[in-house]
Amino acid sequence: MLDIHFIRENPEVVKKACKSKNMPADIDTLLRLDGEKREMLAQVEEKKHERNAASKRIGEMKRAGRDPGLLMDDMKKLSDEIKKADLSIAEKESVIQEILIGVPNIPHKSVPVGADASKNAFVHEWGEKKRFSFKPKVHDKLGEELDILDLKRAAKITGSGFVLFKGAGALLERALIDFMIDIHVQEHGFIEISPPFIVNRMSMFGTGQLPKLEEDMYDLEEAKYFLIPTAEVPVTNIFRDEILQEDDLPVRYVAYTPCFRKEAGSYGKDTTGMTRVHQFDKVELVKFVKPEESYQEHEDLLKCSEKILQKLDIPYRVLLLASGDMSFAAAKCYDIEAWSPGLGRYLEVSSCSNFEDFQARRMNIRFRRKKTGKNEFVHTLNSSGIALARTFIALIETYQNEDGSVTIPGALRPYMKGVEKITADK
RNA sequence: GGAGAGGUGCCAGAGUGGUUGAAUGGGGCGGUCUCGAAAACCGUUGUCCCGCUUGCGGGACCGAGGGUUCGAAUCCCUCCCUCUCCGCCA
């Protein structure tokens, strides 16, 4: 959510931002209603002032034994007027809010302006794509032959877009989670969080999934709860409606959670194997920082996510998303894409975003600035560190051998209970 | 699921329908004292919104939302949450 004061003073900037993000918002109507509301507010507050003063006088008169009957009659009329005015202000306010929460965040000045992913900017790449002396297999075939992936039975149990890991596959999934959390805690100084996997509507609103993406969320209708689409939601909401101390910042959290997404509107896209699934595991990094530090923290955050792929020795590239490809709440976003030799293309395994104060304003997360004693909104950031399923894909496809076995990369071996190679006969 | 208790400021904890934005204590901040510190004492200490803007004036907020009233933290209704006991279950 943007600051209404900012919109009042910079309507053209906001309009331009909406356009570059392909997310229309009626700024003119917003500002007109806002002006009308403030005028009404001034009027009704004057009446309330009068009422407050009169009520005080009535109390005094009663205590003095005088009859305040006439004054009370007047105040009854005034009170009715106030009630009516309050009501119409509330109506106006709810329309204003509705428009306001639909205004996207403004892209940072370093973000390329462009309508879609074709305008994303290449930032850098890491690692060398492995050359195979044979034709590398795609993960689903490889996993099936090794008996570590069972997509067919997962579909029977639940439906398409779900995954069942088995034996060394399940162990590998668990090892990856464990490995990633350890790196972020021990080497990057994040604090581990294990949050609820189910959240309420307010939390989904706070991080910006609602109302825009409601159709992509699994909701638990009777309970009015939602399955989380990312740990970003519960972890960022930890400080909702709180005021932090300046010395507490930056706060850096890492959390493993499963993620649930309907993937509405993406039918037919990424249908191979488990490239796009409804439930996947992810290790997520979340930061709460001071505004003046957020862009440095953003760069550092990207490095933390990259580190995982570097340690696993999986080649990847980093893109800076164009304005039109960014999410509603983001001001700047990098994507990390791991190379999948079986599929012969890159897979997005991490999104590293700076939301500035957009989420913090929705969630009302502030900190007290020591120097001024004033409360300011924090900046929130998050990055996958990193998303499983697809890392699993890149890993087994990259480390596959001609005989169909998969070698476990060195960094992961301490987590694999002595398994150095996954073979079919095991 | 059944029975009770309760939700007030950074924390603890008062609060008769009318100078209560809120007693008191603790904490924080500033000061006196001290070589320094502790103790003691004095002062200060919520958030948001609107308007003119160094400052000031006004409004709102005592879990959330309604209602009664000239006036609600205080009375009534609905919802949410927390705690205790019983039942059930991991």
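Small disclaimer: the values here were computed from a predicted structure and weren't measured. For the numbers below, each heavy atom of this structure counts, side chains included, while hydrogens, waters and symmetry mates do not. Here is how names work: the chains are called A, B, and so on, in the same order as the sequence lines, proteins then strands, and each is numbered from 1.
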Legend entry - Phosphate-side-chain proximity, A/His5 and B/C50, N/O vs OP1/OP2 below 4.0 Å: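 For B/C50, OP1 or OP2 has a side-chain N or O of A/His5 closer than 4.0 Å.
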Legend entry - Contact under 4.0 Å: A/Arg368 side-chain N or O vs B/C10 OP1/OP2: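 No, outside the criterion.
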Table of protein N/O atoms under 3.5 Å from nucleotides 72-79 of chain B N/O atoms:
none

Scan [X] against the nucleic acid and name what it touches under 4.0 Å (heavy atoms): base, sugar-phosphate only, or nothing.
{"X": "A/Asp73", "answer": "nothing"}
{"X": "A/Asn52", "answer": "sugar-phosphate"}
{"X": "A/Arg8", "answer": "sugar-phosphate"}

Legend entry - Pairs satisfying salt bridge (Lys or Arg N to Asp or Glu O under 4.0 Å), at least one member in residues 62-79 of chain A, at least two apart: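 Residue pairs passing salt bridge (Lys or Arg N to Asp or Glu O under 4.0 Å), neighbours aside: none found.
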side-chain hydrogen bond (donor to acceptor under 3.5 Å, both in side chains) partners for [X], two or more places apart:
{"X": "A/Glu91", "value": "none"}
{"X": "A/Tyr399", "value": "none"}
{"X": "A/Glu145", "value": "A/Lys137, A/Lys141"}

Just grab all the side-chain hydrogen bond (donor to acceptor under 3.5 Å, both in side chains) pairs involving [range], residues at least two apart or on different chains.
{"range": "residues 149-162 of chain A", "value": "A/Asp150-A/Arg153"}
{"range": "residues 379-388 of chain A", "value": "A/Glu232-A/Asn382, A/Ser294-A/His379, A/Ser305-A/Ser383, A/Ser350-A/Ser383, A/Gln359-A/Thr380"}
{"range": "residues 162-174 of chain A", "value": "A/Asp147-A/Lys166"}

Rounding to an integer number of angstrom, what distance separates [N] and [M] when you compare their [atom1] atoms?
{"N": "B/C76", "M": "B/G17", "atom1": "P", "result": "11 Å"}
{"N": "B/C86", "M": "B/A12", "atom1": "P", "result": "26 Å"}
{"N": "B/U74", "M": "B/U69", "atom1": "C1'", "result": "13 Å"}
{"N": "B/A22", "M": "B/U44", "atom1": "P", "result": "13 Å"}
{"N": "B/U34", "M": "B/G9", "atom1": "P", "result": "40 Å"}
{"N": "B/G26", "M": "B/G51", "atom1": "P", "result": "41 Å"}
{"N": "B/G30", "M": "B/A38", "atom1": "P", "result": "12 Å"}
{"N": "B/G4", "M": "B/C62", "atom1": "P", "result": "28 Å"}

Legend entry - Charged N-O contact under 4.0 Å between A/Asp86 and A/Lys48: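 Here A/Asp86 pairs with A/Lys48 in a salt bridge, since their nearest N and O are under 4.0 Å apart.
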Inset, instruction - Before accepting this row, confirm whether a basic side-chain N of the pair A/Glu246/A/Lys370 lies closer than 4.0 Å to the acidic partner's carboxylate O. - result: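 Answer for the salt bridge query: no.
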Legend entry - Qualifying residues under side chain to side chain contact (heavy atoms under 4.5 Å, CB included), relative to A/Asn364, sequence neighbours excluded: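 Side chain to side chain contact (heavy atoms under 4.5 Å, CB included) check on A/Asn364 returns A/Asp241, A/Arg366, A/Phe377.
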Legend entry - Qualifying residue for side chain to side chain contact (heavy atoms under 4.5 Å, CB included) with A/Cys333, from A/Val111, A/Asn354, A/Leu321: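 Single side chain to side chain contact (heavy atoms under 4.5 Å, CB included) partner of A/Cys333 among A/Val111, A/Asn354, A/Leu321: A/Leu321.
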Value in whole Å for how far the [atom2] atom of [N] lies from [atom1] of [X]:
{"X": "A/Arg57", "N": "B/G71", "atom1": "CZ", "atom2": "C1'", "result": "13 Å"}
{"X": "A/Leu87", "N": "B/G65", "atom1": "CG", "atom2": "P", "result": "14 Å"}
{"X": "A/Glu45", "N": "B/C48", "atom1": "CD", "atom2": "C1'", "result": "12 Å"}
{"X": "A/Arg240", "N": "B/C80", "atom1": "CZ", "atom2": "P", "result": "17 Å"}
{"X": "A/Asp86", "N": "B/G66", "atom1": "CG", "atom2": "C1'", "result": "14 Å"}
{"X": "A/Ile243", "N": "B/U45", "atom1": "CD1", "atom2": "C1'", "result": "14 Å"}
{"X": "A/Glu93", "N": "B/G59", "atom1": "CD", "atom2": "C1'", "result": "14 Å"}
{"X": "A/Glu36", "N": "B/C50", "atom1": "CD", "atom2": "P", "result": "16 Å"}

Inset, instruction - For side-chain hydrogen bond (donor to acceptor under 3.5 Å, both in side chains), just list the numbers for A/Gln43 and A/Glu39, CA-CA rounded to whole Å, side-chain angles, deciding distance to a tenth of an Å, and then say yes or no. - result: CA-CA 7 Å; A/Gln43 284 173 18; A/Glu39 202 168 306; 4.7 Å; no
Every protein N/O lying under 3.5 Å from an N/O of nucleotides 17-20 of chain B:
{"from": "B/G18", "atom 1": "O2'", "to": "A/Arg63", "atom 2": "NH2", "distance (Å)": "3.3"}
{"from": "B/G18", "atom 1": "O6", "to": "A/Lys62", "atom 2": "NZ", "distance (Å)": "2.8"}
{"from": "B/G18", "atom 1": "N2", "to": "A/Ser55", "atom 2": "O", "distance (Å)": "3.0"}

Inset, instruction - Counting Watson-Crick and G-U wobble pairs whose two distances are both under 3.5 Å, find the runs of 3 or more in a row that involve RNA chain B. - result: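 Stem list for RNA chain B: B:1-7 with B:80-86, B:10-12 with B:24-26, B:27-32 with B:40-45, B:46-52 with B:55-61, B:63-67 with B:75-79.
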Inset, instruction - Strictly below 4.0 Å, heavy-atom distances to any atom of RNA chain B: list the hits from residues 75-83 of chain A, or just say none. - result: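 Output list: A/Met75, A/Lys76, A/Ser79, A/Lys83.
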Inset, instruction - May I have the step-by-step check of side-chain hydrogen bond (donor to acceptor under 3.5 Å, both in side chains) for A/Tyr316 and A/Gln310, ending in yes or no? - result: CA-CA 9 Å; A/Tyr316 65 86; A/Gln310 290 172 7; 2.9 Å; yes
Inset, instruction - Assign each of A/Glu46 and A/Lys37 to its nearest nucleotide of RNA chain B by heavy atoms, then name whichever residue's nucleotide is nearer the 5' end. - result: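 The residue mapped nearer the 5' terminus is A/Lys37.
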Legend entry - Position toward the 5' end of RNA chain B (nearest nucleotide), A/Arg366 or A/Ala53: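 The residue closer to the strand's 5' end, by nearest nucleotide, is A/Arg366.
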Inset, instruction - Run the ring-centre check on A/Phe165 versus A/Phe392 and record whether the distance is less than 6.0 Å. - result: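 Ring centres of A/Phe392 and A/Phe165 closer than 6.0 Å.
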Inset, instruction - Compute the centroid of each ring, for A/Phe288 and then for A/Phe367, and state whether the two points are separated by less than 6.0 Å. - result: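 No, the ring centres sit 6.0 Å or more apart.
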Inset, instruction - Name the orientation class of the two ring planes belonging to A/His184 and A/His188 (parallel below 30°, tilted from 30 to 60°, perpendicular beyond 60°). - result: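 It falls in the tilted class, 30° to 60°.
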